[in-house]
Amino acid sequence: NAGVTQTPKFRVLKTGQSMTLLCAQDMNHEYMYWYRQDPGMGLRLIHYSVGEGTTAKGEVPDGYNVSRLKKQNFLLGLESAAPSQTSVYFCASSYSQGLEAFFGQGTRLTVV
Amino acid sequence: AQSVSQHNHHVILSEAASLELGCNYSYGGTVNLFWYVQYPGQHLQLLLKYFSGDPLVKGIKGFEAEFIKSKFSFNLRKPSVQWSDTAEYFCAPRSYNTDKLIFGTGTRLQVFP
């Protein structure tokens with residue numbers, strides 16, 4: 001049982017390049033989340049999804065897009081990367097609103 | 001608006017000292033409460049959770065937390081910390097009234113031998 005898997009684990013981008021981060025969960029969870037973690041800022045919610053085909057904005061959605069075409073996958077896209085998007089990105093999933101979330105191992109993204 | 005406050009941003013302790021980390025929230029309705037821990041270079045893992053019943057809950061590695069409904073607080077405690085407790089700790093209330101999962105800003109704990 002893999003839980004929540006994020007790919008890639010590390011990535012370096014040049015300013016203006018695009019990329020997609022993949023989050024996959026095998027727990028049949030409805031809810032999925034993308035966060036970014038920066039020193040002293042805690043975890044900030046970028047986008048989330050409450051089920052297949054749905055997405056919603058979190059606290060810091062600008063510069064990111066997401067898609068949830070399949071229940072098990074939640075993709076985070078950066079269309080034109082900026083140095084301010086250098087961060088560690090975490091994906092999480094949960095069965096419902098009130099229950100605990102399970103996290104992926106994170107993706108360390110550097111934009112130069 | 002829903003919010004979560006963790007008052008201690010950085011705590012430095014010696015081994016065997018006692019620990020208490022504060023967490024306050026402003027959520028309406030029924031709230032489930034969680035503490036997560038993030039060890040250096042790792043992802044977040046569940047430390048303990050409270051859904052209902054006894055407001056004093058015990059988690060892994062000797063941690064416990066007390067829910068005080070009247071104060072909207074869910075403080076984390078450990079009687080005697082160890083060097084291996086060095087990590088970042090996040091409080092996360094969850095409400096069935098919202099789809100979002102919001103975390104506190106975290107408390108960085110450093111324990112020195």
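Below, chains carry the letters A, B, ... as their sequence lines are ordered, and counting in each starts from 1.
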Open item on the list: Please report whether the ring centroid of B:Phe34 lies less than 6.0 Å from that of A:Phe103.
Closed with: no

Open item on the list: Is A:Ser96 in contact with chain B via its backbone, its side chain, both, or neither, using a 4.5 Å heavy-atom distance?
Closed with: both

Open item on the list: Under 4.5 Å from any heavy atom of chain B, what part of A:Tyr35 do you find: side chain, backbone, both or neither?
Closed with: side chain

Proximity breakdown for [X] and chain A, heavy-atom pairs closer than 4.5 Å:
| X | value |
| --- | --- |
| B:Leu46 | side chain |
| B:Gln6 | neither |
| B:Thr98 | backbone |

- [ ] Taking all heavy atoms of B:Ser95 and all of A:Gln97, pick out the closest pair and write down the distance.
- [x] O-CB, 3.6 Å

Open item on the list: Could you report the tightest heavy-atom contact between B:Phe90 and A:Leu43, atom names first, then the distance?
Closed with: CE2-N, 4.2 Å

- [ ] For A:Tyr48 and B:Asp99, test the side chains for any donor-to-acceptor distance below 3.5 angstrom and give the result as yes or no.
- [x] no

TODO: Establish, from distance only, whether the side-chain atoms of A:Gln37 and B:Gln38 form a donor-acceptor pair under 3.5 Å.
DONE: yes

Open item on the list: So which residue, B:His9, B:Gln45, B:Lys100, ends up with the most heavy-atom pairs under 4.5 Å with chain A?
Closed with: B:Lys100

- [ ] Count the heavy-atom pairs under 4.5 Å between each of B:Thr105, B:Leu101, B:Ile102 and chain A, then report the option with the highest count.
- [x] B:Leu101

